[in-house]
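Data first, discussion second: the structure below is written as structure tokens.
All figures in this text were calculated on a predicted structure; none of them were measured in a lab.
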Amino acid sequence: MGEVEESIYVIGSPDLDIMTSTNLPTLSEVKTRYDISYNEFSVLMYHPVTTDIANLKENIRNTVDAVIEAGDNCVVIYPNNDLGSDIILSEINRLEKLPNFRVFPSIRFESFLVLLKNSLYMIGNSSAGVREAPFYGLPSINIGTRQNNRATSPSIINVSENKCEIKQAIIKAKVTDFPEVKEFGEGKSHELFFDAVVSDKFWNTSKQKGLLTLANLQF
């Protein structure tokens, strides 16, 4: 982006600050609010991969088939509105008729965090599976290419959109313990942000960008 190195402050993801908050609702409050009766459940979030629309219908069908055959209770949240979301919703509609699935267009972020923390595992291709889930030490089954090369936590089980692979990953997720991983910060980004903006260095940093040219790139 052309920023000089002295102007960059690595503070982590502010989302994680909320994850450590003592003001989150209780699990009981969230379950009551969203009429979720399960004592044990997983969380499913699957978004379109806009560069692979041609295979989306088959990919989401394999995912839905896998979670149905796994037989676990599952909280399902709608995809984003990217191209192909209608294809995903047509498959998710199959789950709404089954008693072990609760499907929601959206869930408040604080409530989502509580459900995530108390779930058996997360499954799909959402960024929550590679950022928030590892922070809790929660196993996440990352399906397909949407999050390629984004995170390296050992709790992330990467699989292709193959029904058998997904089912095997579900089994692994339920019998394996993983440590908490702070790859995206310690949950103290607000403190680091404050420390940065009150420092003399912050206000004395040059505001001139320095975009690289081919001449000063090293290969």
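Here the CG atom belonging to L98 is positioned 5.5 Å from the CD1 atom belonging to I68, to the nearest 0.5 angstrom. The distance from the OG atom of S127 to the CZ atom of R146 is 6.5 Å, given to the nearest 0.5 Å. Rounded to the nearest 0.5 Å, atoms OG (S119) and CG (L138) are 4.0 Å apart. The distance from atom CG of N73 to atom CG of L120, rounded to the nearest 0.5 Å, is 8.5 Å. Rounding to the nearest 0.5 Å places CD of E91 at 10.5 Å from CG of L89. Distance check: F41 CZ to I36 CD1 gives 6.5 Å after rounding to the nearest 0.5 Å.
Shortest non-hydrogen contact noted between V30 and P25 is CG2-CG, 3.7 Å. In plain terms, the two heavy atoms of P105 and I77 that are nearest each other are O-CG2, 4.2 Å. Between V67 and L44, the closest heavy-atom pair is CG2-CD2, 4.5 Å. Of all heavy-atom pairs spanning V181 and P154, the tightest one is CG2-CD, 4.0 Å. Nearest heavy-atom pair, P134 versus A128, reported as atom, atom and distance to 0.1 Å: CD-O, 4.4 Å. Considering every non-hydrogen atom in both G129 and A133, the closest pair reads O-CB, 3.7 Å.
Here the rule is side-chain contact (heavy atoms from CB on, under 4.5 Å) with V159, and of I141, I123, T63 only I141 fits it. For the side-chain contact (heavy atoms from CB on, under 4.5 Å) with I88, the qualifying choice from V64, L56, N80 is L56, the only one to do so.
Between the side chain of R102 and the main chain of V75, no donor-acceptor pair closer than 3.5 Å is present. Listed for the N125 side chain is a donor-acceptor partner under 3.5 Å among the backbone atoms of H47. In this structure, Y78 contributes its side chain and S85 its backbone to no donor-acceptor pair below 3.5 Å. K31 contributes a side-chain N or O that, together with a main-chain N or O of Y38, makes up a donor-acceptor pair within less than 3.5 Å. Between the S199 side chain and the A196 main chain, a donor and an acceptor come within less than 3.5 Å of each other. Judged purely by atom type and a 3.5 angstrom limit, T145 has no side-chain atom pairing as donor or acceptor with the backbone of N148.
When side chains are defined from C-beta on, M122 counts as touching L116, because their heavy atoms get closer than 4.5 Å. The side-chain heavy atoms of I92 and P79, taken from C-beta on, include a pair separated by under 4.5 Å.
Between E132 and K117, none of the side-chain N atoms (NZ, or NE/NH1/NH2) sits under 4.0 Å from a carboxylate O, so this pair counts as no salt bridge. Look at D86 and K57 and you find no salt bridge, because none of the NZ, NE, NH1 or NH2 atoms lies under 4.0 Å from a carboxylate O. By the 4.0 Å N-to-carboxylate-O rule, R61 lies too far from E58 to be salt-bridged with it.
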Audit row: D82, V49, side-chain contact (heavy atoms from CB on, under 4.5 Å) steps and yes/no = CA-CA 8 Å; D82 285 347; V49 179; over 6 Å; no
task = Please lay out, stage by stage, how R94 and D65 fare under the test salt bridge (charged side-chain N to carboxylate O under 4.0 Å, His left out).
result = CA-CA 10 Å; R94 295 165 53 199; D65 284 347; 2.6 Å; yes
query = Between V43 and F112, is a side-chain contact (heavy atoms from CB on, under 4.5 Å) present by the stated rule, with each step listed?
reply = CA-CA 9 Å; V43 174; F112 168 73; 4.0 Å; yes
message = Assess the residue pair I166 and I143 against the criterion (side-chain contact (heavy atoms from CB on, under 4.5 Å)); give the C-alpha distance rounded to whole Å, side-chain angles, the decisive distance to 0.1 Å, and a yes or no.
response = CA-CA 8 Å; I166 297 170; I143 304 173; 3.9 Å; yes
message = Checking F135 against E180 for the side-chain contact (heavy atoms from CB on, under 4.5 Å) test, could you report, in this order, the C-alpha distance in whole Å, the side-chain angles of both residues, the deciding distance, and whether it holds?
response = CA-CA 5 Å; F135 189 86; E180 297 176 359; over 6 Å; no
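Under the 4.5 Å side-chain contact rule for hydrophobic residues, Y46 and I87 share a cluster. Two different hydrophobic clusters hold I107 and V76 under the rule that ILVMFWY side chains link at heavy-atom gaps under 4.5 Å. Under the 4.5 Å side-chain heavy-atom criterion for grouping Ile, Leu, Val, Met, Phe, Trp and Tyr, M19 is connected to M45 within one hydrophobic cluster. When hydrophobic clusters are built by joining Ile, Leu, Val, Met, Phe, Trp and Tyr residues whose side-chain heavy atoms come closer than 4.5 Å, directly or via intermediates, F193 is not grouped with I8.
Counting heavy-atom neighbours within 6.0 Å of E96 CD, excluding the residue itself, gives a total above 12. Around the NZ atom of K97, the shell of radius 6.0 Å holds no more than 12 heavy atoms that belong to other residues, nucleotides or ligands. For Y9, the OH atom sits in a packed shell: over 12 heavy atoms of surrounding residues, nucleotides or ligands are nearer than 6.0 Å. Other residues, nucleotides and ligands contribute only 12 or fewer heavy atoms inside 6.0 Å of the CZ atom of F194.
Counting only N and O atoms by type, the side chains of D72 and Y121 include a donor and acceptor under 3.5 Å apart. If you check the side chains of N158 and N142, you find a donor sitting under 3.5 Å from an acceptor. Using modelled atom types and a 3.5 Å distance limit, the side chains of T26 and S28 yield no donor-acceptor pair. Residues Y34 and E29 bring no donor and acceptor atom of their side chains to less than 3.5 Å of each other.
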